[in-house]
Amino acid sequence: MNVIRKAFHEDFTIYRVAELKPLLLDTVAEGERIELDLSGVEHMDSAGCQLLMLVKREASVAGKTLAIVAHSPAVQSLIEFYNLAAWFGDPLVVAAQ
Amino acid sequence: MDELKQVFVQESGEQLDALEALLLELENRPDDETTLNGIFRAAHTIKGAAGMVEAAAVEAFAHVVENVLDRLRNHEIEVTTELAALMLACTDQLRVLVAAEAGAADKDEAQIAADSARLLERLNAYGPAGQHAAGSPRVVEPDVQRIPSPQAGHNCWHLSVRFGPDVLRQGMDPENFLRFLETVGNIRHLETLADSMPAAEVMDPELCYLGFEIALESAADKQAIEDVFAFVRDECQLAILPPNSKVGDYLELIESLPEDSLRLGEILVRVGALTADELAEGLRAQSGPAAGEMAQEARQIGEILVAQHVVQPELVAAAVAKQTQVSEKKAHDAKLIRVPADKLDHLINLVGELVIAGAATSLLSHSRRDGELIESASLLTRLVEEIRDASLQLRTVQIGETFNRFQRLVRDACKDLGKDVELLISGGETELDKSIVEKIGDPLMHLVRNSLDHGIEAPAVREAAGKNPRGSLSLNAFHDAGNIVIEVTDDGAGLNRDRILAKAIERGLVDAEAHLSDREVYDLIFAPGLSTAEQVTNLSGRGVGMDVVRRNLQALRGTINVDSQPGRGTRLTLRLPLTLAIIDGFLVVSANRSYVIPLDAVVECIERPVAEHDRNYFNLRGQVLPAVCLRESFNLPGERPTRESVVVVQYAGQRAGIVVDRLAGELQAVIKPLGAIFRHLQGIGGSTILGSGEVALILDISALIKISGQAEQRLLARPEQRSA
């Protein structure tokens with residue numbers, strides 16, 4: 001299986017989503033299993049989260065698997081707040097207090 | 001809307017002040033995260049507020065500024081001097097735009113637009129390509145604390161929100177509203193829906209497709225919850241169902257929403273609004289009858305269910321407990337209130353009238369010789385005095401804010417003049433009347449600018465003179481004897497005595513033969529003749545508009561003094577009254593006319609023997625002081641009494657005696673300003689109405705001392721007159 005792993009360091013914010021959308025969709029198109037490393041994403045807002053939901057959905061529709069393999073605190077916090085952790089279905093690392 | 005705009009103008013003013021202060025701080029500490037965040041937050045707040053009042057010009061401009069700030073905050077671009085200067089210029093432009101929004105701009109529209117365009121072009125050099133479109137910033141989240149839920153009851157509101165497509169572009173992130181919702185209650189469960197998101201090709205990532213189903217545990221009422229979404233109320237579809245709503249209501253909600261009913265039903269179950277059984281029953285009822293009867297049928301089911309539903313008493317108790325918590329929090333938030341200045345002025349006026357009326361009562365009680373009445377009147381007087389002080393206190397503000405504004409001025413002026421000057425501020429917590437603060441700004445600015453321009457030398461010159469190349473300019477404020485004293489001190493070259501004198505003689509302001517003390521020479525800088533622009537260059541000292549500065553100060557019953565040491569620097573001392581409205585006075589009588597001396601100026605009172613009547617000085621325990629006789633100064637008629645009194649007054653370090661017929665005790669004087677025709681009257685500062693209805697003139701001590709001093713100087717200069 002063609003596994004693509006890609007790390008993002010840009011902010012997933014309204015400022016960047018227009019640039020990110022084609023990037024992400026291209027990444028989805030390239031492989032069967034897409035692994036996103038978002039540990040370098042310092043900021044994420046609703047637009048960024050929504051974009052992630054889109055690519056996740058697109059991947060599922062195309063019968064591919066999209067997994068977020070690493071979350072930055074910002075990404076994790078928003079996904080948890082929106083209660084989307086289960087929807088994304090990725091293991092989240094629970095920070096040891 | 002008007003009121004909203006007013007608040008907007010005021011608040012943006014405050015935010016802009018904060019922004020400016022932070023930008024200046026950033027120059028000193030370019031890497032400070034807190035400062036960067038603060039700057040960003042201020043810009044964002046302005047933008048958000050502008051959006052609310054539909055101030056499109058402000059919003060659009062602030063948006064671009066914010067874009068650049070965001071990149072700055074993310075360390076995508078560096079803090080440079082040019083960028084800081086540009087940001088400061090943008091702050092100014094925002095000020096103009098806000099003023100234009102209030103209809104108070106002093107530039108015309110075309111010019112404002114041109115300025116904006118020019119700044120935007122410069123800003124775009126710092127923005128990433130293609131960033132011109134509107135976007136949304138990330139807001140720094142307010143500290144949100146979850147109120148622990150005391151009970152796992154069903155006291156949950158159900159909220160159904162579908163955000164409009166444009167909210168993200170307008171800078172309103174759904175996340176912020178939901179986070180804010182947590183201040184109203186506890187989000188028990190939240191489901192995010194993105195079902196309306198179209199296929200990838202047509203999906204515009206800058207549009208919002210999100211919707212939320214929320215179970216909110218809260219003691220707040222529906223209005224309070226709705227208010228959370230006030231900013232996006234027109235942009236979003238919002239349904240709020242109170243706790244323990246009928247199942248029918250939920251079913252209606254499901255129908256009204258765009259998503260698939262079954263899916264929504266599942267979500268409601270997950271959110272906890274419905275149980276699986278309720279849903280199954282409801283949906284069965286729905287699918288059974290024909291479409292037309294569906295709603296009615298659903299409601300029937302709901303009603304049956306509600307009939308069986310009992311609200312547990314402990315839930316009510318929990319709600320009450322939470323309500324107390326919320327109101328305590330609110331009380332904490334409401335420590336400050338905004339009051340329109342004219343309301344305060346009205347209050348102060350009333351207090352002034354109260355003081356006069358109180359004085360009348362006290363006078364009456366004394367003339368009736370009624371002991372009980374006197375006692376109650378004196379209690380009344382004391383309370384009135386306290387009210388007076390408290391209400392005057394309401395209008396006082398700290399002067400620090402005014403001082404801090406000069407940071408910017410000093411910075412900009414230094415850039416222009418190629419000088420290096422440090423501004424030192426002390427005594428910023430000194431309080432004085434707001435009306436004075438407002439009027440003192442311009443004269444102060446003038447003095448500061450003059451010091452920078454002419455006082456402090458260029459770094460090279462300073463170094464050659466053995467001084468620190470970095471000049472220092474200090475602003476200091478403190479209270480002194482009922483006055484506020486503001487000092488503007490620089491460590492520059494000082495005033496050039498000879499050149500000021502030469503110029504004054506050339507202008508015919510002083511006699512070429514005259515012997516003037518240093519102080520008198522320095523005072524010449526306030527003479528109108530020495531204050532036109534072309535003299536600034538050939539006169540080493542201060543020139544521009546110093547007479548205007550002094551006139552402005554005099555209008556505030558203030559004075560200004562200069563101290564200067566050649567090569568060491570100059571100190572300008574401003575003295576201003578704390579308030580313009582009411583003073584404690586000392587009533588004196590001369591030729592049956594009443595005069596009021598400000599009590600703060602009075603040091604002591606002594607008797608004057610007949611033998612000294614003709615002298616214009618007197619002996620105070622071995623110290624010789626000038627005496628000013630009111631009878632002589634004002635040409636009062638009648639015979640001088642055999643026993644006169646001297647009120648020793650002190651003003652700005654000078655002492656003098658004022659000779660009066662008799663003393664009449666303390667009083668509170670509400671100052672009524674004199675009309676314009678009395679403007680040139682020297683020695684009188686205003687008038688007041690006594691309890692008896694009589695008018696008393698308030699003496700201007702500084703002017704009286706000066707007048708007597710000048711008369712003395714004239715006598716000294718021509719001794720032959722004295723003997724004559």
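Fair warning: this is a prediction, and the values are worked out from it, not measured in the lab. Here is the naming used below: chain letters follow the sequence lines, and residue numbers restart at 1 for every chain.
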Using 0.5 Å steps for rounding, measure from the [atom1] atom of [X] to the [atom2] atom of [Y].
{"X": "B:Gln170", "Y": "A:Ile14", "atom1": "CD", "atom2": "CD1", "result": "10.5 Å"}
{"X": "B:Leu190", "Y": "A:Asn83", "atom1": "CG", "atom2": "CG", "result": "6.5 Å"}
{"X": "A:Ser46", "Y": "B:Leu178", "atom1": "OG", "atom2": "CG", "result": "7.5 Å"}
{"X": "A:His43", "Y": "B:Asp70", "atom1": "NE2", "atom2": "CG", "result": "7.0 Å"}
{"X": "B:Met203", "Y": "A:Lys21", "atom1": "CE", "atom2": "NZ", "result": "6.5 Å"}

*Pick one of side chain, backbone, both or neither for A:Glu58, based on which atoms fall under 4.5 Å of a heavy atom in chain B.*
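Answer is side chain: those atoms of A:Glu58 sit under 4.5 Å from chain B.
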*asked:* Applying ring pair (Phe, Tyr, Trp, His ring centres under 6.0 Å), can you list everything that pairs with A:Tyr82, at least two apart in sequence or on another chain?
replied: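 Partners of A:Tyr82 by the ring pair (Phe, Tyr, Trp, His ring centres under 6.0 Å) criterion, ordered by chain and then number, come out as B:Phe212.
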*Is the shortest heavy-atom distance from the side chain of B:Arg179 to the side chain of A:Phe81 under 4.5 Å?*
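They are in side-chain contact.
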*Heavy-atom distance under 4.5 Å between the side chains of A:Gln50 and B:Cys208, does that happen here?*
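Contact flag for A:Gln50/B:Cys208 side chains = yes.
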*Of the listed residues (A:Leu84, A:Leu54, A:Asp11, A:Leu51), which shares the most heavy-atom pairs with chain B below a 4.5 Å separation?*
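Of A:Leu84, A:Leu54, A:Asp11, A:Leu51, A:Leu54 has the most heavy-atom pairs under 4.5 Å with chain B.
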*Indicate the atoms forming the closest heavy-atom contact of A:Val17 with B:Glu206, along with that distance.*
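Closest approach of A:Val17 to B:Glu206, heavy atoms only: CG2-CG, 4.0 Å.
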*Minimum-distance pair of heavy atoms, taken over all atoms of A:Met53 and B:Ala194*: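 Reported closest heavy-atom pair: CE-CB, 3.5 Å.
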_Using only atom types and a distance under 3.5 Å, with no angle test, would you say the side chain of A:Arg57 pairs donor to acceptor with the backbone of B:Met197?_
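Checked: pair present.
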_Is B:Leu207 close to chain A through its backbone or its side chain, or both, or neither, when contacts mean heavy atoms under 4.5 Å?_
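Backbone only.
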_Step-by-step side chain to side chain contact (heavy atoms under 4.5 Å, CB included) determination, B:Glu191 to A:Trp87_ = CA-CA 10 Å; B:Glu191 285 288 331; A:Trp87 189 83; over 6 Å; no
